[in-house]
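Throughout, a chain's letter reflects where its sequence line sits, starting with A, and its residues are numbered from 1. Computed from a predicted structure; not experimentally measured.
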Protein chains: 2
Amino acid sequence: MWISKRTDYATRALLALALSHDDRPLKTQEVAARTAVPHTTLEQVMLQLRSAGMVRSERGPSGGYRLNRDPSAITLEEVVRVFQGPLAPIACATRKHPEPCPMEVGCSLLGVWRRVRDATIEILQRTTFADLAREAGGSWLAPPLLQQGT
Amino acid sequence: MWISKRTDYATRALLALALSHDDRPLKTQEVAARTAVPHTTLEQVMLQLRSAGMVRSERGPSGGYRLNRDPSAITLEEVVRVFQGPLAPIACATRKHPEPCPMEVGCSLLGVWRRVRDATIEILQRTTFADLAREAGGSWLAPPLLQQGT
DNA sequence: AGCAAACCCGACAATGGTTGTCAGGTAACG
DNA sequence: CGTTACCTGACAACCATTGTCGGGTTTGCT
């Protein structure tokens with residue numbers, strides 16, 4: 001339960017983009033409809049993805065978003081880090097600048113937390129959006145007819 | 001960063017108890033000093049550990065806490081579950097009552113989240129407080145001379 | 001030119017969980 | 001019978017997250 005909604009939204013949005021084998025970019029409205037994400041919130045997320053260099057935007061009508069790299073060059077780990085920071089389960093087990101354990105040396109728990117950290121990093125690093133798109137069947141399986149007032 | 005302070009406190013406290021090869025129980029004050037945890041907060045934590053059946057209490061002067069089972073019968077997984085609930089990184093990937101993904105079928109992300117969940121569960125399940133105590137060197141390495149006003 | 005679509009940016013209210021504390025109650029030892 | 005230490009419930013302060021809004025800028029179309 002430690003993946004935030006925004007991280008979830010970001011990964012879904014990227015998957016939607018990776019599945020779009022179209023020449024035109026995808027509008028946030030389209031992405032929002034397909035991923036069932038509040039539109040205004042998704043805009044925030046896309047901005048962050050853009051400044052992280054994962055997506056590219058085009059403005060004006062007929063604008064929208066598209067991936068900025070090959071899907072095989074975007075890992076889940078990278079996305080999660082952008083929205084959540086360190087992947088360690090606890091502050092004393094981060095790779096960069098671990099917070100010192102007030103118990104001094106000898107805390108054998110540290111080893112376990114580090115193992116959890118490494119296991120999750122390993123999985124998330126191995127998974128690219130090319131993999132995810134392939135597993136999803138190559139196209140958007142869920143029909144885009146979800147709720148949406150207007 | 002998803003392990004809460006209280007979970008951290010609980011694991012540290014249990015480790016302190018597992019390392020106490022003494023006949024008398026440990027007072028919350030002692031545990032608090034050795035683990036560098038605010039005393040009043042630690043009391044809350046011990047109560048939860050007690051109602052979960054992991055520790056046992058004795059009241060009155062010369063009272064305190066001791067483990068209620070063999071250290072090898074208490075896993076980290078159990079402790080974390082008591083304080084945090086499900087171990088899945090996201091609500092749609094829990095083992096019991098997963099929250100349905102609004103994107104309908106075909107979300108290939110689910111598989112990854114489940115893999116992360118299983119990896120963490122595996123590690124935490126394998127680790128007992130007997131293991132942790134052994135790794136810690138059998139006794140409390142950090143001297144109990146930490147801060148503490150009174 | 002002018003309009004409308006869609007991205008861009010900053011700020012914000014509401015929410016909810018976490019953390020630490022407190023006052024008072026109860027059991028046990030000396 | 002008093003002190004110690006566990007027990008119980010409630011609570012304020014804090015912090016991150018979530019979703020929203022108003023207004024701006026760029027672009028394509030008529």
Side-chain angles (χ1 to χ4, degrees), chain A residues 1-10 12-13 17 24-33 35-52 54-66 68 80 82-86 89-91 99 102 148-150, chain B residues 1-10 12-13 17 23-33 35-52 54-66 68 80 82-86 89-91 99 102 147-150:
Chain A
M1 244 62 149
W2 50 275
I3 291 285
S4 74
K5 282 265 211 311
R6 274 179 151 91
T7 307
D8 182 25
Y9 295 165
R12 300 225 288 255
L17 292 182
R24 68 180 177 82
L26 277 184
K27 306 187 204 303
T28 56
Q29 291 279 8
E30 296 175 298
V31 177
T35 55
V37 170
H39 173 247
T40 54
T41 303
L42 186 73
E43 273 196 328
Q44 304 294 322
V45 170
M46 297 311 288
L47 268 289
Q48 262 185 283
L49 286 176
R50 181 173 149 280
S51 71
M54 295 174 189
V55 301
R56 197 145 71 102
S57 65
E58 289 166 35
R59 304 177 71 156
S62 81
Y65 285 94
R66 55 175 97 238
N68 195 31
V80 175
V82 165
F83 288 87
Q84 325 235 62
I90 198 168
E99 180 176 291
Q148 195 77 349
T150 321
Chain B
M1 246 60 148
W2 50 273
I3 291 285
S4 74
K5 282 267 210 313
R6 274 178 152 92
T7 306
D8 182 25
Y9 294 165
R12 299 224 288 254
L17 292 182
D23 266 356
R24 67 181 178 82
L26 277 185
K27 304 189 204 304
T28 56
Q29 291 280 8
E30 295 176 299
V31 178
T35 55
V37 170
H39 173 248
T40 54
T41 303
L42 185 73
E43 272 196 328
Q44 305 293 321
V45 171
M46 297 311 288
L47 269 290
Q48 261 183 285
L49 286 177
R50 181 174 150 278
S51 70
M54 295 173 190
V55 301
R56 195 144 71 101
S57 66
E58 289 166 35
R59 302 178 72 155
S62 81
Y65 286 94
R66 53 175 98 240
N68 195 31
V80 176
V82 165
F83 288 86
Q84 326 233 65
I90 198 170
E99 181 175 292
Q147 79 289 6
Q148 194 77 349
T150 321

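- Between the CZ atom of A/R24 and the C1' atom of D/dG28 there is a distance of 16 Å, rounded to whole Å.
- Considering every non-hydrogen atom in both A/H39 and A/A32, the closest pair reads CA-CB, 4.1 Å.
- Atom pair B/Q44:CD and D/dC6:P shows a separation of 13 Å (rounding to whole Å applied).
- When distances run from any side-chain atom of B/R59 to the nucleotides D/dT18, D/dC6, C/dG20, the shortest one goes to D/dC6.
- Checked by distance alone, B/R6 brings no side-chain donor or acceptor within 3.5 Å of a matching partner on the base of C/dG17.
- By the 4.5 Å heavy-atom criterion applied to side chains, B/N68 and B/M54 are not counted as neighbours.
- Remark: B/T41 is not in phosphate contact with C/dT19, judged by side-chain N or O atoms under 4.0 Å from OP1 or OP2.
- Within the 4.0 angstrom heavy-atom criterion, only backbone atoms of the sugar-phosphate kind lie near B/R50; the bases stay farther away.
- With A/R6 contributing its side chain and A/Q84 its backbone, the two residues share no donor-acceptor pair below 3.5 Å.
- Considering only side-chain N and O atoms, B/Y65 lies under 4.0 angstrom from the phosphate OP1 or OP2 of D/dC7.
- The side chain of A/S4 sits closest to D/dT18 out of D/dT18, C/dC7, D/dC6.
- Between B/W2 atom CH2 and D/dA16 atom P there is a gap of 20 Å when expressed in whole angstrom units.
- Among the protein residues, A/S57 comes within range of the sugar-phosphate backbone only, with heavy atoms under 4.0 Å from sugar or phosphate atoms but none that close to a base.
- Residues A/L17 and A/M46 meet the side-chain proximity criterion, which asks for heavy atoms closer than 4.5 Å.
- Separating the CZ atom of A/R56 from the C1' atom of C/dA6 is a distance of 17 Å, rounded to the nearest angstrom.
- At whole-Å resolution of the value, NE2 in A/H39 and C1' in C/dC8 are 12 Å apart.
- Taking only side-chain nitrogens and oxygens, B/T28 comes nearer than 4.0 Å to OP1 or OP2 of D/dC6.
- Rounded to an integer number of Å, the gap from B/E43 CD to C/dT26 C1' is 13 Å.
- Among the protein residues, A/F83 comes within range of no part of the nucleic acid, since none of its heavy atoms lies under 4.0 Å from any strand.
- Here A/E58 lies in heavy-atom contact (under 4.0 Å) with sugar-phosphate atoms only.
- Base contact: A/T40 has a heavy atom under 4.0 Å from a base atom.
- Looking at A/Y9 and A/T35, their side chains never come closer than 4.5 Å, going by heavy atoms from C-beta outward.
- In this structure, A/K27 atom NZ and C/dC7 atom C1' are separated by 11 Å, rounded to whole Å.
- Computed from coordinates, the B/I3 CD1 to C/dT19 P distance equals 11 Å when rounded to whole Å.
- The nearest heavy atom of DNA chain C to B/K5 and to A/L47 marks one nucleotide each, and the one closer to the 5' end goes with A/L47.
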